[in-house]
Number of protein chains: 4
Amino acid sequence: MTPRTTEQFEQMRSESKSKIMAAALELFTKQGFDTTPISMISKKAGVSTGLMYNYFSSKDQLLEEMIHEALEMSKKGLAEISEIDDPFVQIERFVNKTIYGMRKRQTIFMSKLILLIQVKPNPSPEMVLLLKEYNLNAYNTLENIFEKMELENPELEARLLTAILSGFRLQYFLFKNDFQFDEMYELVMERYTDI
Amino acid sequence: MTPRTTEQFEQMRSESKSKIMAAALELFTKQGFDTTPISMISKKAGVSTGLMYNYFSSKDQLLEEMIHEALEMSKKGLAEISEIDDPFVQIERFVNKTIYGMRKRQTIFMSKLILLIQVKPNPSPEMVLLLKEYNLNAYNTLENIFEKMELENPELEARLLTAILSGFRLQYFLFKNDFQFDEMYELVMERYTDI
Amino acid sequence: MTPRTTEQFEQMRSESKSKIMAAALELFTKQGFDTTPISMISKKAGVSTGLMYNYFSSKDQLLEEMIHEALEMSKKGLAEISEIDDPFVQIERFVNKTIYGMRKRQTIFMSKLILLIQVKPNPSPEMVLLLKEYNLNAYNTLENIFEKMELENPELEARLLTAILSGFRLQYFLFKNDFQFDEMYELVMERYTDI
Amino acid sequence: MTPRTTEQFEQMRSESKSKIMAAALELFTKQGFDTTPISMISKKAGVSTGLMYNYFSSKDQLLEEMIHEALEMSKKGLAEISEIDDPFVQIERFVNKTIYGMRKRQTIFMSKLILLIQVKPNPSPEMVLLLKEYNLNAYNTLENIFEKMELENPELEARLLTAILSGFRLQYFLFKNDFQFDEMYELVMERYTDI
DNA sequence: CATGAATGAGATTTCATTCAT
DNA sequence: AATGAATGAAATCTCATTCAT
């Protein structure tokens with residue numbers, strides 16, 4: 001959720017590798033995985049086509065590594081939320097970041113990427129596992145918050161909020177700038193601050 | 001000697017077309033659009049590869065026609081709901097149908113298909129329009145119901161419910177049978193029956 | 001050279017056959033042989049695709065028959081010229097008909113068709129023979145005329161005039177309406193009336 | 001280990017491109033454009049099928065580039081003629097080159113190629129323009145010569161000579177070795193040396 | 001005679017991947 | 001670590017031809 005990409009990528013050993021991944025991220029999310037040729041990625045990254053195979057064994061493996069990266073980044077975002085004490089602030093921060101973050105380039109990339117796997121043909125079991133694990137992690141984080149808030153059924157509440165936010169994301173993808181950020185934010189928060 | 005009658009030809013055409021569309025539906029949703037070759041569709045449909053082009057001018061156009069059909073079906077479902085008088089029954093029926101219907105083979109196909117376009121690279125403007133139109137139609141239906149229920153902000157409520165349900169669908173795709181249908185149903189309905 | 005098509009075609013046994021040939025003539029000359037599908041011919045002719053194979057064993061054979069037809073027609077034109085007594089009138093009539101006839105739809109068709117074989121891949125030996133025979137026939141007719149006119153070398157004169165006129169046809173194809181009919185006509189005739 | 005230098009790559013590219021164009025020239029002129037598959041070209045050129053698309057964006061574009069090259073060569077021939085002083089020598093050289101050059105393999109290819117476009121269905125506007133431009137260029141060159149020779153109507157004379165020569169080419173294509181080169185040469189030159 | 005749905009071979013084109021340097 | 005020419009399998013699409021009626 002929290003895009004701290006620059007730092008992330010800079011930690012990578014090779015400059016070229018990070019350039020390739022950055023180019024691929026942008027292209028895959030803008031044009032789709034199957035419809036983006038390697039040659040286009042390498043061109044955008046400013047390296048040769050063959051070089052990709054020094055870092056990734058195949059196009060599929062490149063995607064897998066990107067997914068991994070994206071989920072790691074999102075986990076960091078969750079971890080940040082966890083460190084806050086007040087559960088109301090936590091939830092406020094989480095919802096805020098998620099909804100208003102939807103229009104951020106980086107976030108769009110990430111979430112499209114994640115959507116991508118869900119409709120991907122035969123996603124590798126590892127990827128599905130990664131994704132499930134990430135979701136469960138998110139559920140747990142939210143569950144803990146809702147427990148502190150003493151909501152009746154923290155587990156279900158976690159699933160509900162997750163559903164709402166990913167549903168909103170789909171709406172945003174379809175309606176783009178017609179999506180009513182403020183209203184949606186208020187509507188969601190109402191449930192937790194209502195008294 | 002005598003040529004077939006117009007009716008006979010019509011019959012043949014409609015049968016072949018259906019076979020092709022059914023095969024494509026299953027394959028596209030299982031394996032994705034770009035990763036399903038025409039040859040695989042025709043093989044599954046039990047016809048020759050070239051025949052597809054008697055009915056659809058391209059693979060893209062085949063998809064478009066499938067989306068169209070899927071949305072028509074969904075619209076019918078909405079129309080049925082509209083005819084009910086009691087708004088609580090309406091909403092109950094709608095949520096019930098949507099949540100418990102998620103497991104249905106046909107529904108899975110359709111909704112994956114629709115998800116497909118949202119992630120599709122360069123979806124044709126016609127498809128996007130179709131999809132937007134369908135969504136607005138759904139919003140309106142729900143808005144009317146919420147008005148009758150005298151909720152504070154019917155429009156936003158419509159968007160919220162839509163978001164929740166499509167969010168659940170994503171969860172279902174990921175967690176399959178671990179998805180807790182009954183609990184989710186109760187959780188959603190609570191918002192409307194709560195007194 | 002003389003288009004007496006209508007009569008010609010009406011002599012054919014079957015109405016459908018003539019419709020097919022007429023449609024093919026127009027399409028082949030407008031769009032080329034390889035780039036005109038049978039289906040397009042039959043559509044234009046208003047008959048079914050399969051019907052073509054009642055009359056012609058293949059697409060190639062259809063072309064062959066058309067060439068034959070075209071050459072027959074041209075021969076008739078030559079025969080008409082032969083019947084005239086005065087050689088000056090003969091040549092005048094021949095050149096006039098050829099040059100001013102170039103813009104006639106029917107003639108354009110015919111001559112493009114004939115050009116077509118000369119660039120056609122592996123034209124059947126029969127077609128080449130037909131074409132040679134026709135050319136020799138034309139040479140002979142002109143040769144006879146030039147003999148009567150007491151030109152020095154009637155045979156070569158015949159080849160020269162033929163070359164000029166087919167060269168003009170190429171110019172006409174390229175420059176269309178910018179081709180100067182009157183000037184060209186005068187220029188050619190000068191050679192024979194010059195005294 | 002060290003990548004090839006730019007020059008090495010340039011060398012490789014230019015060699016491959018030449019091989020492809022040479023093979024295409026021979027095949028297109030022998031068998032026609034539509035009836036020569038890419039696979040046949042690449043086989044003859046001794047390269048893989050896909051390689052063609054590294055150098056030409058399509059089969060049509062390959063043809064276009066070949067036409068361009070052919071016309072450039074012809075233009076060079078015209079330029080050489082232009083540099084001669086004596087108009088009688090100029091015309092002698094031009095006619096000689098054209099008539100006796102007709103037998104040359106290379107020339108046959110080129111002129112069939114050019115004929116090809118004139119009969120080609122929907123030739124690209126660029127190609128037609130190229131061809132027109134080339135013809136006008138040839139007309140001008142001849143016109144200048146005829147002016148120096150003080151012929152009555154230099155422009156028409158240019159068109160006439162062009163027509164004769166292209167007409168002869170057609171005759172040569174049909175009659176091959178039966179074409180009477182010497183006689184035709186004399187016959188044409190008579191017009192200009194005739195005192 | 002006539003129909004047009006169906007076939008399937010073959011054409012063009014794309015692109016992940018390899019490899020010599 | 002890097003280059004990009006070359007490969008060739010595979011995808012989409014076209015169309016002459018067949019055939020049941």
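Residue numbers begin at 1 in each chain, while the letters A, B, ... track the order of the sequences.
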Are OP1 or OP2 of [N] and a side-chain N or O of [X] less than 4.0 angstrom apart?
X: B/Arg13; N: E/dA5; answer: yes
X: B/Tyr55; N: E/dA6; answer: yes
X: D/Ser16; N: F/dA6; answer: yes
X: A/Ser48; N: F/dG4; answer: no

Give the rounded distance in Å between these two atoms: [atom1] of [X] and [atom2] of [N].
X: B/Gln61; N: F/dT12; atom1: CD; atom2: C1'; value: 15 Å
X: D/Met12; N: F/dT3; atom1: CE; atom2: P; value: 16 Å
X: B/Ile41; N: F/dA11; atom1: CD1; atom2: P; value: 11 Å
X: D/Glu7; N: F/dA5; atom1: CD; atom2: P; value: 13 Å
X: B/Glu15; N: F/dA20; atom1: CD; atom2: P; value: 18 Å
X: D/Ile20; N: F/dA5; atom1: CD1; atom2: P; value: 12 Å

Pi-cation contact, B/Phe28 with B/Lys112 (under 6.0 Å, within 45°): no
side-chain contact (heavy atoms from CB on, under 4.5 Å) involving B/Lys44 - partner list, sequence neighbours excluded: B/Ala23, B/Glu26, B/Leu27
side-chain contact (heavy atoms from CB on, under 4.5 Å) against D/Glu15, all qualifying residues, sequence neighbours excluded: D/Gln11
Residue pair C/Gln61 / C/Ser58, side-chain heavy-atom distance below 4.5 Å: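 They are in side-chain contact.
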Side-chain heavy atoms of B/Lys17 within contact of B/Glu65, under 4.5 Å: yes
Set of salt bridge (charged side-chain N to carboxylate O under 4.0 Å, His left out) partners for D/Glu72, sequence neighbours left out: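 In terms of salt bridge (charged side-chain N to carboxylate O under 4.0 Å, His left out), with neighbours along the sequence ignored, D/Glu72 is linked to D/Lys75.
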D/Glu69, CD atom: more than 12 neighbouring heavy atoms under 6.0 Å: no
Non-neighbouring partners of C/Ser16 that pass side-chain hydrogen bond (donor to acceptor under 3.5 Å, both in side chains), sequence neighbours left out: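 Partners of C/Ser16 by the side-chain hydrogen bond (donor to acceptor under 3.5 Å, both in side chains) criterion come out as none, since no residue qualifies.
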Nucleotides 11-17 of chain E: protein proximity per nucleotide (B base, S sugar-phosphate only, - neither; heavy atom, under 4.0 Å): SSBBSSB
Side chains of C/Thr49 and C/Ser42, donor plus acceptor under 3.5 Å: yes
Base F/dA20 paired with B/Arg4 side chain (donor-acceptor, <3.5 Å): yes
Intra- and inter-strand pairs of DNA chain F in dot-bracket (Watson-Crick or G-U wobble, both distances under 3.5 Å; | for another strand): .||||||||||||||||||||
Residue met sooner reading DNA chain E from 5', once B/Phe9 and D/Gln8 are mapped to nucleotides: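 It is B/Phe9 whose nearest nucleotide is closer to the 5' end.
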